[in-house]
Structures are given as structure tokens and as C-alpha cells.
Amino acid sequence: GIVVHAVSVGEVNAAAPLVRELARRHPDLAISVTSFTPTGSDRVQALFGDEVYHVYAPLDLPGAVQRFYHHVRPRLLIILETEIWPNLYRAAALRDTPILIANARISGSSLKGYRRMRWITRYALARVSRIAAQSELDAQRLLEIGAQAGQIEVSGNLKFDLTLPPRLREHGQALRTAWGEQRPVFLAGSTHEGDETVVLQAFVQVLNTLPTALLVLVPRHPERFARAAQLARAAGLEVHLRSDGLNCPASTQCLVVDAMGELLRFYAACDLAFVGGSIDPVGGHNVLEPAALSVPVLVGPHTFNFPDISQQLLACGGALRVDDAAGMERAVRELLGDAAQRERMGAAGLALVRSGQGALARTLQIAAGLLAQDQPGG
């Protein structure tokens, strides 16, 4: 069948529409989704259940790779973003298994590392059938590390083609009703410790002006749930845990979401969202999810994981950049107090998401062509 490799949560989310459409268009082919991380594995199970097979991707060692191919026997291998594994690619080529790198991107920091070992990346990429790059810049960077022009097509970013779960907005409204519809709600999503320190410092000051405001804190990794709650309590906030119920008491000042896979539901329930990994210098996370729900976005100074998307959202007015606790406190206070400005930002973000859609159709077309070539006489 078809193997889709999505290394962790972000890639799994981006791959979801692609996986579902592949399954719909090719019902005779088994779909396997591989990942590297436990959180990625959990996300596959949450999204697809028994609809797809899931295994961890093999370490890039000849024996492990050979056993993987022996058991899975793919007709097409789709790699999300840019995971360049020489043994995995070589073994696929030896088996005449086409490889598609979908949603391919090369960050500036990754480019430096790949340049130093260009002979390896050139060797691996020579085994790839097609590369669907997110942007012209990504295509150029792929050429710099050894790809050939004939392999690459700029298809756009699959993250723009995200599919929102049915009735998501209704679920979000139900949460707002339970919390109190008049409460201003600020969400900090996919956070790391450096983000949380700044968010909490800012939010404590926001409460001086907006005493009924609620902070929804959604840490990126499950091992940090307890730590995030500890930081919120240390900041003097009244904390409620998602695991103790969705309907937090009116006295709650900070709801810590100690569960995976629920971020979209909480985005749908908030007035304003900060996307983490951007003050802590991780490089930022997906800003399109809140934008697709017409939620205005705040980001920190470090958005190098999604430079094009972040810049587009900032340029269209769907997002604001904040550098520190003082800047975040000012932005949160002003936006929570200005519904008209929030509405303008939310509309701009949604328009950007809609304008960027189309990568899914182009990627599916490439995949269909590779599968057709794999047929006798193809």
C-alpha cells in the first residue's frame, strides 16, 4: 500500500487531509502512517483509529530498514516535510518503490547543516522520485543541497488545506457558554517553558485591567503538563486542570489543558491566541490553526520553523508580533478590549488561509502519477 511518514504531531496534523483523501481515492491500498515520537503516535491513533496502520519508522540502519520494507512492502513512500534518510531511500530505490517528499521545506538553520554534508544529501535525494516544495525559497534550498530541478515542483503548503472537525465551532461556543460568555479568553497554545514564563507574567498584569479574563494554557508536550500548572500557581493564579473537567469554576484564572489532541477545540473557544515556541526559541508552531477559526494571533520573535506563513499572517494583519512580557501584556489587554479589531484580524487570517489552499490537490495528483507508473505498463 502507501506509507506516509510524519515525524511528530505537527507533521501528522498536516498529513491528515492527505491521508484521508489517499484512503478515499485508493480504497484497494492499505495506508500506513509512520512516526518517530510517542506524541506523533498518539496523534495518529486519535485522528484515524483503526482506519490506518501505524508503526514507528525504522532507525536508518540497513537491517532495520530491510525488515521494515519486508513487512510493509509499500508501493509508494510519502515523506512529510524533509526527512532525509540515506538507507531508507536507498532501500526503496532498490525495490523500485517511488518516493515523494511532500510539503518539503528547508529552514535556514537546517540548510547550514545539510550544506556541510551535501554529498550525503545529494546521494539520498537522487533516489527520490518527486519533491513537492512548499515555496520557491524551499525549492531553491533543495537545489543547494543536491536535488535536481526536474524532481521539484512548488505545490504550496499542505497546512493551508487543514480540515476542521465537524461542529468544531459549536463545540467552542459550548465551552464559552460554560465558562461565561462575557469572560475574555486568552489562549496560549503549544507552549514551552520560556513561552509560559512570559505569558504568565503578562497575564497577571492583564488581570489588573480585565479581572474576569481567563487564560487557557496548552503545553506542547505531555511531560510538561504538571510543570505548566506549577508555574501558573507560582504566578499567583487560581488553576483548574482539564483532566478535572471542561467546565472550570468561575474563580478559575488559568485553565491548564493537560490532554493531547484538543488544541483546536480550545482555539475555537478563545478570543485571542498566542502560538508558542516563538518566545522560547524553538522556532514557532502552526499559526494557521487559529487563523482558520478567525482567531487573531500573537507570535513571539522566533518563527523560523514557519517563516513564510508567519510573515504572510503578520503582513495581512491577521497576527501581531510581541517580543517580551510588556509587549504581550499590552497586546492582550488592547485586543481583549477591542472586539472590532479582533474581528478585523480574524477575518484577515481566515482570508489568508483560504487563499493558500490547493497544495492538497497538487500533491494528490503527483502521488497518483507515481502510483500509475508503478503499475505494469505504467
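Counting non-hydrogen atoms of other residues, nucleotides and ligands closer than 6.0 Å to CD of Gln148 gives a total of 12 or fewer. Annotation: Gln365, atom CD; neighbour count of heavy atoms from other residues, nucleotides and ligands within 6.0 Å does not exceed 12. Residue Arg95 places its CZ atom among more than 12 non-hydrogen atoms of other residues, nucleotides or ligands, all under 6.0 Å distant. The local environment of CD in Gln182 is sparse, with at most 12 non-hydrogen atoms from other residues, nucleotides or ligands closer than 6.0 Å. Enclosure of atom CG in Asp50 is not indicated, since only 12 or fewer non-hydrogen atoms of other residues, nucleotides or ligands lie within 6.0 angstrom. Under a cut-off of 6.0 angstrom, the local environment of CZ in Arg73 is sparse, with at most 12 non-hydrogen atoms contributed by other residues, nucleotides or ligands. Crowding of Arg167 atom CZ: a count of heavy atoms from other residues, nucleotides or ligands under 6.0 Å not exceeding 12.
The side-chain hydrogen bond (donor to acceptor under 3.5 Å, both in side chains) analysis of residues 258-272, with sequence neighbours excluded, yields the pairs Arg176-Asp271, Arg242-Glu262, Ser243-Asp258.
Residues Phe160 and Val353 share a closest heavy-atom pair of CD2-O, 3.6 Å. Closest approach of Leu207 to Ala213, counting heavy atoms only: CD2-O, 3.7 Å. The two residues Pro296 and Leu272 make their nearest non-hydrogen contact at O-CD1, 3.5 Å. Of all non-hydrogen atoms in Phe266 and Val216, the two that sit nearest each other are CD2-CG1, 4.0 Å. In terms of heavy atoms, Pro86 sits closest to Ile120 at CG-CG2, 3.5 Å. Taking both residues in full, the closest heavy atoms of Ala292 and Leu164 are given as O-CD1, 3.9 Å, listed atom of the first, atom of the second, then distance.
Under a hydrophobic clustering in which Ile, Leu, Val, Met, Phe, Trp and Tyr are joined whenever their side-chain heavy atoms come within less than 4.5 Å, directly or via other members, Val65 and Ile101 fall into the same cluster. Residues Leu80 and Val9 are members of separate hydrophobic clusters, defined by side-chain heavy-atom contacts under 4.5 angstrom among Ile, Leu, Val, Met, Phe, Trp and Tyr. There is no path of hydrophobic side-chain contacts, each under 4.5 Å, that joins Leu335 to Leu293. Transitive grouping of hydrophobic side chains (ILVMFWY, heavy atoms separated by less than 4.5 Å) brings Met345 and Val322 into a common cluster. Trp179 and Leu237 sit in two unconnected hydrophobic clusters of ILVMFWY residues. Membership requires side-chain heavy atoms under 4.5 Å apart, directly or through other members.
Rounding to the nearest 0.5 Å places CG of Asn157 at 4.5 Å from CG of Asn103. We find the CD-CZ distance between Glu51 and Arg20 to be 7.0 Å, quoted to the nearest 0.5 Å. One distance of note links NE2 of His240 with CG of Asn247; it measures 7.5 Å at 0.5 Å rounding. With rounding to the nearest 0.5 Å, the separation of SG in Cys270 from CG in Leu336 is 9.5 Å. Separation of atoms CZ (Phe274) and CG (Asp195) is listed at 4.5 Å; rounding is to 0.5 Å. Between the CG atom in Leu313 and the CG atom in Leu288 there is a gap of 7.0 Å [rounded to 0.5 Å].
For Tyr56 and His54, the distance between ring centers is under 6.0 angstrom. Taking the six-membered ring for Trp and the full ring otherwise, the centers of Phe68 and Trp85 sit at least 6.0 Å from each other.
Here the side chain of Gln66 pairs no donor or acceptor atom with the backbone of Gly63 at under 3.5 angstrom. For the pair Gln253 (side chain) and Glu238 (backbone), a donor-acceptor distance under 3.5 Å is present. A donor-acceptor pair is defined here as one N or O able to donate and one able to accept, closer than 3.5 Å; such a pair exists between the side chain of Thr121 and the backbone of Ile145. A donor-acceptor pair is defined here as one N or O able to donate and one able to accept, closer than 3.5 Å; no such pair exists between the side chain of Ser310 and the backbone of Pro307. Proximity of a side-chain donor or acceptor of Ser278 to a complementary backbone N or O of Gly284 within less than 3.5 Å is not detected. Formation of a donor-acceptor pair under 3.5 Å by the Arg362 side chain with backbone atoms of Ser155 is found in this model.
Tested against Glu144, the residues Arg122, Arg116, Arg115 include a single salt bridge (charged side-chain N to carboxylate O under 4.0 Å, His left out) partner, Arg115. Under the side-chain hydrogen bond (donor to acceptor under 3.5 Å, both in side chains) rule, His192 has a single partner from Arg220, His221, His285, Arg224, which is His285.
Side chain to side chain, Arg90 and Tyr123 meet the donor-acceptor criterion of an N or O pair below 3.5 Å. Arg344 and Gln341 form a side-chain donor-acceptor contact under 3.5 Å, judged by distance and modelled atom types alone.
Residues Thr197 and Ile279 form no side-chain contact, since every pair of their non-hydrogen atoms from C-beta on lies 4.5 Å or further apart. The side-chain heavy atoms of Leu100 and Ser129, taken from C-beta on, include no pair separated by under 4.5 Å. With contacts defined as side-chain heavy-atom distances shorter than 4.5 Å, the pair Asp324/Val198 does not qualify. Looking at Asn286 and Asn13, their side chains never come closer than 4.5 Å, going by heavy atoms from C-beta outward. Looking only at side-chain heavy atoms (C-beta outward), Leu142 and Gln151 stay at 4.5 Å or farther from each other. Taking the side chain as every heavy atom from C-beta outward, Thr39 and Pro222 approach each other to under 4.5 Å. In this structure, Thr303 and Leu314 have side chains that are not in contact, with every pair of non-hydrogen atoms separated by 4.5 Å or more. Val185 has its side chain out of reach of Leu175: every pair of non-hydrogen atoms, C-beta onward, lies at least 4.5 Å apart.
Between Arg330 and Glu334 there is no salt bridge, since no side-chain N of the basic residue sits under 4.0 Å from a carboxylate O of the acidic one. Using a 4.0 Å cut-off between charged side-chain N and carboxylate O, Arg227 and Glu193 make a salt bridge.
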Using side-chain contact (heavy atoms from CB on, under 4.5 Å), reason through Tyr53 and Val3 one step at a time and then give a plain yes or no.
CA-CA 9 Å; Tyr53 297 96; Val3 172; over 6 Å; no
| field | Trace of the side-chain contact (heavy atoms from CB on, under 4.5 Å) decision for Ile31 with Phe48 | value | CA-CA 11 Å; Ile31 308 292; Phe48 305 114; over 6 Å; no
For Lys159 and Glu81, what are the C-alpha separation, side-chain angles and deciding distance, and is it a salt bridge (Lys or Arg N to Asp or Glu O under 4.0 Å)? CA-CA 11 Å; Lys159 287 186 169 68; Glu81 312 250 326; 2.8 Å; yes
**OP:** Could you walk me through whether Leu88 and Leu77 pass side-chain contact (heavy atoms from CB on, under 4.5 Å), step by step?
**Re:** CA-CA 10 Å; Leu88 188 73; Leu77 178 62; 4.3 Å; yes
_Evaluate Phe186 against Val199 for side-chain contact (heavy atoms from CB on, under 4.5 Å), listing each step before the verdict._
CA-CA 10 Å; Phe186 171 48; Val199 166; 4.1 Å; yes
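Geometrically, Arg105 engages Phe306 in a cation-pi contact, judged by NZ or CZ lying under 6.0 Å from the ring centre and within 45° of the ring axis.
Scanning for side-chain contact (heavy atoms from CB on, under 4.5 Å) contacts around Ser109 gives Ser107, with sequence neighbours left out.
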